[in-house]
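In this text the structure is predicted, and so the values were computed from the model without any measurement.
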Amino acid sequence: MDDCIFCKIISGQIPSFKIYEDQNYLAFLDINPINPGHTLLIPKTHYRWVYDIPAQSEIWPLATKIGQDLKQKLNADYFTYITAGMEVPHAHIHIVPRFQNDKMTGMLDQFRINSTIQEVESVYNKLK
Ligand SMILES: [Zn+2]
């Protein structure tokens, strides 16, 4: 897509700190990181959402491999994935090295909608 910042990174129009690249995927450092080593893994084909990527069985093991590599090289305690997808409309998986006392705690709390048990049960009844 012409106006997609990630497609411009793939084509080289915008420079990036690439840490992994193959025929179908690119991983590069987020320049506004949550933690040191915060990486974005993207498919080279433009898809809107991570779940739109046909090769789900490729991208997730690759994300895990990159996460393990980041964890080891940066001496992180563990790593997490974030796939909210709201910032840039090109499918991407954030891979974030995590440290015991980092600031990334209770991240989802700001979005909680304070549902009652009855409301949760109502959704449950639609799903079962
Ligand atoms: Zn794109």
Side-chain angles (χ1 to χ4, degrees):
M1 277 180 68
D2 292 345
D3 58 348
C4 172
I5 189 170
F6 287 174
C7 284
K8 288 179 180 175
I9 286 172
I10 291 162
S11 72
Q13 288 175 266
I14 296 175
S16 65
F17 295 103
K18 294 178 185 177
I19 64 163
Y20 176 86
E21 183 169 19
D22 66 23
Q23 193 178 344
N24 299 315
Y25 301 98
L26 175 66
F28 55 96
L29 294 179
D30 192 313
I31 57 169
N32 190 17
I34 291 173
N35 268 341
H38 177 178
T39 293
L40 297 167
L41 172 61
I42 63 175
K44 288 187 172 177
T45 300
H46 183 99
Y47 297 106
R48 174 61 186 93
W49 301 106
V50 171
Y51 59 73
D52 291 333
I53 300 167
Q56 293 290 307
S57 63
E58 284 179 13
I59 194 164
W60 287 104
L62 179 57
T64 300
K65 180 177 177 291
I66 291 168
Q68 296 285 16
D69 200 41
L70 291 168
K71 177 177 175 287
Q72 183 194 351
K73 288 180 177 170
L74 300 176
N75 225 3
D77 294 309
Y78 59 106
F79 61 93
T80 51
Y81 308 119
I82 306 168
T83 59
M86 304 311 290
E87 311 87 0
V88 175
H90 181 129
H92 56 285
I93 300 172
H94 297 261
I95 306 167
V96 185
R98 300 294 310 277
F99 304 89
Q100 288 303 333
N101 295 312
D102 66 26
K103 291 193 277 184
M104 198 179 140
T105 56
M107 193 180 160
L108 295 179
D109 288 345
Q110 63 185 309
F111 303 116
R112 295 191 192 279
I113 57 174
N114 297 316
S115 289
T116 63
I117 288 298
Q118 290 75 22
E119 289 167 331
V120 174
E121 187 175 22
S122 170
V123 174
Y124 172 73
N125 287 333
K126 292 176 187 173
L127 297 174
K128 70 180 181 181

Item to check | Closest approach of Phe99 to Leu74 (non-hydrogen atoms, all atoms of both residues) | outcome: CE2-O, 3.8 Å

Next on the checklist: Donor-acceptor pair, distance only, cut-off 3.5 Å: does the side chain of Asp77 make one with the backbone of Gln100?
Outcome noted: yes

Next on the checklist: Using 30° and 60° as the class boundaries, would you call the ring planes of Tyr81 and Phe79 parallel, tilted or perpendicular?
Outcome noted: perpendicular

Item to check | side chain to side chain contact (heavy atoms under 4.5 Å, CB included) partners of Gln13, counting only residues at least two apart | outcome: Lys8, Ser11

Checklist entry - Nearest heavy-atom pair of Ile93 and Ala63: which atoms, and what distance? => result CD1-CB, 4.3 Å

Checklist entry - To the nearest 0.5 Å, how far apart are CG in Leu26 and OG1 in Thr39? => result 10.5 Å

Next on the checklist: Using 30° and 60° as the class boundaries, would you call the ring planes of His94 and His38 parallel, tilted or perpendicular?
Outcome noted: tilted

Next on the checklist: Listing request: all salt bridge (Lys or Arg N to Asp or Glu O under 4.0 Å) pairs with a residue in residues 28-55, at least two apart in sequence or in separate chains.
Outcome noted: Glu21-Lys44

Checklist entry - Any idea which heavy atoms bring Tyr25 and Pro43 closest together, and the distance? => result CD2-CA, 3.7 Å

Next on the checklist: Let's go through Ile19 and Leu29 carefully: what are the C-alpha distance in whole Å and the side-chain angles of both, what is the deciding distance for side chain to side chain contact (heavy atoms under 4.5 Å, CB included) to 0.1 Å, and is it a yes or a no?
Outcome noted: CA-CA 7 Å; Ile19 64 163; Leu29 294 179; 4.1 Å; yes

Item to check | Audit row: Glu119, Ile113, side chain to side chain contact (heavy atoms under 4.5 Å, CB included) steps and yes/no | outcome: CA-CA 11 Å; Glu119 289 167 331; Ile113 57 174; over 6 Å; no

Item to check | Derivation of the side chain to side chain contact (heavy atoms under 4.5 Å, CB included) call for Trp49 and Thr83 | outcome: CA-CA 9 Å; Trp49 301 106; Thr83 59; over 6 Å; no

Next on the checklist: For a side chain to side chain contact (heavy atoms under 4.5 Å, CB included) check, start with the C-alpha distance between Asp69 and Lys73, then their side-chain angles and the critical distance, and finish with the verdict.
Outcome noted: CA-CA 6 Å; Asp69 200 41; Lys73 288 180 177 170; 3.2 Å; yes

